[in-house]
Amino acid sequence: MIKEILTKFVYRRSYFRPNLFKTLVVNFTFLPFRDAIKLPVLVLGPCKINAFTGKITLRHPAHFGMLKIGVCDPYRSYHEKSYLEIQGELNIGNHTVLRRGLSLFIKETGKVVLEDDVYVGDYVSIVSAESITIKKATRVANNTVFMDTDFHYTVNTLTREVKPINSPIVIGENNWIGAWCTIKKGCQTPKGTVIAGPYTMAGKNYVGKIPEFSIIAGSPAKLLAEGIRRINNYPNEAIVEEYFKTHTGKYTLPDDIDIEQFCMPT
């Protein structure tokens, strides 16, 4: 087992090779020993760890590489550093990815949940003082910001009221969040929501107010279209891409194809 793990560290291109020291620090700091020894968290590239008081919990039995932090490619974020400040709880599922340039700040009272097959792009900031949940098979593009807190209180000078500054974020299953979006406290989305970027700001509960598989955009975000979902299955996406190499018209799925299976990750 040890030989197999060392082989995975050594025989990889530099932008896929885990940072052995930071990987050991993260696993043996935030996980119990029985889980840490299996290295469920891999850290790739430069990473600054600013706090050691929180914990990482697993949604499944521990195994190698459940979460990869700092994934990159040769042409984007290769020279960047990821930042981790985990004072609260980070809860992870299988096949989760946080790409390089990440800023993750979980306060003592905060919790971030990444369900299975969650993929978060380069330069994303996640700040939690209460709760941020990203459900399974969701994709988040680069430079998006999640904040379940306003940080500072305000007072209404007419009513003298002071409202809470924290409210949970719940991003639904199989969502697709575009680049340069802002997801604010209280944002909740139904299954299959596309939050189109850039510069969309979503900060309210859309569940029950928009249908599943809708596109929202704008600041604040509003419904643009219904019945639209991302093809989140790379082999099937390749089929469509191959079609458009030789065709200019629309591609129509055959009637015997289940759209759910066609779009979801394998």
Side-chain angles (χ1 to χ4, degrees), residues 1-73 77 80-108 110-122 124-128 131-140 146 171 173-174 232 234 264-266:
M1 177 181 175
I2 294 177
K3 182 178 180 180
E4 178 185 353
I5 290 175
L6 289 175
T7 299
K8 290 180 179 179
F9 273 96
V10 174
Y11 295 105
R12 294 193 176 203
R13 295 182 181 179
S14 60
Y15 43 90
F16 291 135
R17 188 181 302 145
N19 179 330
L20 179 56
F21 176 70
K22 290 300 174 69
T23 293
L24 293 174
V25 169
V26 168
N27 282 278
F28 286 94
T29 297
F30 298 109
L31 286 155
F33 183 85
R34 67 179 181 277
D35 293 334
I37 195 68
K38 298 177 183 178
L39 302 185
V41 181
L42 300 181
V43 179
L44 290 75
C47 182
K48 173 70 174 176
I49 304 172
N50 295 320
F52 299 90
T53 55
K55 64 180 179 179
I56 296 176
T57 57
L58 309 178
R59 304 180 67 81
H60 305 285
H63 60 85
F64 184 84
M66 296 174 68
L67 169 64
K68 297 178 177 65
I69 300 172
V71 173
C72 75
D73 46 57
S77 74
E80 302 301 323
K81 181 181 292 186
S82 302
Y83 292 87
L84 304 178
E85 186 160 343
I86 305 174
Q87 300 175 9
E89 179 182 352
L90 173 62
N91 178 275
I92 62 171
N94 286 325
H95 312 299
T96 51
V97 172
L98 298 169
R99 283 180 63 95
R100 197 166 297 182
L102 164 81
S103 293
L104 175 63
F105 176 34
I106 308 175
K107 298 180 69 173
E108 281 185 39
K111 180 177 182 179
V112 172
V113 178
L114 306 175
E115 294 189 356
D116 297 353
D117 295 304
V118 167
Y119 193 97
V120 176
D122 307 77
V124 168
S125 295
I126 302 175
V127 180
S128 176
S131 176
I132 297 175
T133 299
I134 304 179
K135 293 189 176 181
K136 68 178 184 178
T138 285
R139 300 292 185 265
V140 180
F146 294 82
I171 301 301
E173 175 184 331
N174 196 31
N232 203 7
Y234 294 123
M264 288 294 285
T266 54

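Numbering of residues begins at 1 and proceeds along the displayed sequence.
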Are [X] and [Y] side-chain neighbours, meaning at least one heavy-atom pair lies under 4.5 Å?
X    : Y    : value
I134 : F146 : yes
V124 : R99  : no
I86  : V26  : no

- Task: Please work out whether the ring planes of F33 and F28 are parallel, tilted or perpendicular, with thresholds of 30° and 60°.
- Result: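 Answer is tilted, since the angle falls between 30° and 60°.
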Between [X] and [Y], is there a donor-acceptor pair closer than 3.5 Å when you use the side chain of the first and the backbone of the second?
X    : Y    : result
K22  : C47  : yes
S128 : K111 : yes
T23  : L42  : no
D116 : G93  : no

Rounded distance (nearest 0.5 Å) linking atom [atom1] of [X] with atom [atom2] of [Y]:
X    : Y    : atom1 : atom2 : result
L104 : I49  : CG    : CD1   : 11.0 Å
E89  : S131 : CD    : OG    : 9.5 Å
L84  : N50  : CG    : CG    : 8.0 Å

- So E108 and T53, side chain to side chain donor-acceptor pair (under 3.5 Å) or not? Walk me through it. CA-CA 8 Å; E108 281 185 39; T53 55; 5.8 Å; no
Could you pull out the closest heavy-atom pair between [X] and [Y], with the gap in Å?
X    : Y    : value
V71  : K68  : CG2-CB, 3.7 Å
V97  : L67  : N-CD1, 4.3 Å
L98  : I126 : CD2-CD1, 4.5 Å
E80  : R100 : O-CD, 3.3 Å
E115 : T96  : O-CG2, 3.1 Å
A137 : N232 : O-ND2, 2.9 Å

- Task: Run the salt-bridge test on D117 and K136 with the 4.0 Å N-O cut-off and return the result as yes or no.
- Result: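 Result for this pair is no, no salt bridge flagged.
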- Query: Around F21, counting heavy atoms of other residues, nucleotides and ligands shown, do more than 12 lie under 6.0 Å from its CZ?
  - Reply: no
